[in-house]
Enquirer: 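Quick one: this structure, given as structure tokens, is what I'll be asking you about.
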Amino acid sequence: MARVVSQTKSAAVNPLKSSQPLGAAFAFLGVDGAIPLLHGSQGCTSFALALLVRHFNEAIPLQTTAMNEAAIIVGGADRLEEAILSLKARTRPRLIAICTTASVEARDEDAAGDVEHIKRRRAMELMGTEVVVANTPDFDGAIEEGWSKAVTAVIEAIARPDKQYRNPRKIAILPGWNLTVADIEHLRETAVSFGLDPVILPDVSGALDGSIPEEWMPITYGGTKLKEIRDLGATMQCIAIGEHMRPPAEALQRLTGVPYVLFRSLTGLENVDRFIRVLAAMSRKQTPLNVRRNRMQLQDAMLDGHSHMAGKKIAIASEPDQLFQLSDFFTAMGAEIAAAVTTTGTSKALEMVPAKTVKVGDLSDLESLAATADLIVTHSHGREAARRLGVPLMRVGFPMFDRFGSQHKLTILYRGTRDVIFDLANILQANHPPNPPRPLDSTDRQKSQK
């Protein structure tokens, strides 16, 4: 069990984490016909928007209530109402998803109560549009908590609480923030190959996969449909991926009675085997041939990659669930976690990280701990620290703005785990080439002549 070391600095020197509002907006982008609305100042939204646009290289529908000094002092209810009605009239979204920021949370505004009051008074104008609030202060937590709170808020506000007919082929999948577009598409394909009908919430693979609509849209296109969210109670089983997805899974179970099973990671042979066994049990079908073939390919990749990874010292900085996902897999391949840095110390996943200590901190903490490492694993903001240390960098997580196609890289199930091995082994091989052959001495020449 890892020992979690709390943050001791009063300020981040080289920030590692992204904020809760950004995480919540990220999750809301996976709902069809939605528009995230950050309730706070213009700067909060601009910063989140810049990171999302640079990461996805796509137009991101993100709006703000643009709170100024006066609105912050007297309260933001009027600004919130004005923004909701304006968005409804201009863009006609099916979901207006509100993420609170430090500007309103610091003065303890009741944004949820304000929204309920607005919905009652403006019922006719808001007909056909759901309005959901996630309380996500910037000064607490990180992207993981924001994503989790957004999914929980959507389930509690939209899913029908009554017990419905359970479709034995229908399942709910709640993916964590660290799953890429390709990961979610692969999850769906795998579930379908077992004859199951998955409802994935949120489904960023439909909204942020790089597809171009025939005409410009001011709201999200693709993603989980509101009808699918309302009917989540008709699913037979819920699968949550990542410890931070436990609260939304518990909310769904509390509202509808749908049981859930939690996977802390879907990377690594043992974790994927367990997931495939669950799908086989739910579908009552044998594992498809293509899935079994993918498993054999992973076994071969593990044999090939082990010699490159065994004994290597790896320094990782990421959100708790992704930190566990990667460190658990790297140690299974024979590597050693030389440094583990994360954004927040509240996740239970940190206790399972295979390292002596997990430091809650920033990228400057990672840099101070990674001097003897063979590889640094973090997002694109870690490139300066890696360059100063002369240590190669493997880019993971969010944001990743200096590489194309990051959202189309697989990291889970058999194929994704195989690809992670290839990426890691190639980086290590390119930066730590084998020793050159020793020059022949006189003894060697005599032996070669014989």
Enquirer: Among V151, L95, V154, V199, whose side-chain contact (heavy atoms from CB on, under 4.5 Å) with I229 holds?
Expert: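 Of all the options given, the one that passes is V154.
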
Enquirer: Could I get the full list of salt bridge (charged side-chain N to carboxylate O under 4.0 Å, His left out) partners for K119, not counting sequence neighbours?
Expert: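 K119: salt bridge (charged side-chain N to carboxylate O under 4.0 Å, His left out) contacts with E116.
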
Enquirer: So, for T344 and P320, which heavy atoms are closest and what is the spacing to 0.1 Å?
Expert: O-CG, 3.7 Å

Enquirer: Can you name the side-chain hydrogen bond (donor to acceptor under 3.5 Å, both in side chains) partners of D362, sequence neighbours left out?
Expert: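 D362 satisfies side-chain hydrogen bond (donor to acceptor under 3.5 Å, both in side chains) with K9, S364 once adjacent residues are dropped.
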
Enquirer: For I241, run the side-chain contact (heavy atoms from CB on, under 4.5 Å) check against N178, L187, D183, I412 and tell me which one passes.
Expert: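 Of N178, L187, D183, I412, side-chain contact (heavy atoms from CB on, under 4.5 Å) with I241 is met by L187 alone.
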
Enquirer: Kindly say whether the aromatic ring centers of F26 and F56 come within a distance under 6.0 Å.
Expert: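 Under 6.0 Å, so yes.
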
Enquirer: Could you list all the ring pair (Phe, Tyr, Trp, His ring centres under 6.0 Å) pairs where at least one residue sits in residues 245-294, not counting sequence neighbours?
Expert: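 Listed once each, the pairs are F263-F275.
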
Enquirer: Would one find more than 12 heavy atoms of other residues, nucleotides or ligands at under 6.0 Å from atom CZ of R90?
Expert: yes

Enquirer: So does G195 get a backbone contact from the side chain of S283, meaning a donor-acceptor N/O pair under 3.5 Å?
Expert: no

Enquirer: So, the side chain of S148 versus the backbone of H244: is there a donor-acceptor pair under 3.5 Å, distance only?
Expert: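 Checked: pair present.
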
Enquirer: Within the distance-only criterion (no hydrogens, no angle test), does the side chain of D203 pair as donor or acceptor with the backbone N or O of G30 below 3.5 angstrom?
Expert: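 No: the side chain of D203 does not pair with the backbone of G30.
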
Enquirer: Mind checking the OG1-CG spacing from T129 to L87? Nearest 0.5 Å is all I need.
Expert: 9.5 Å

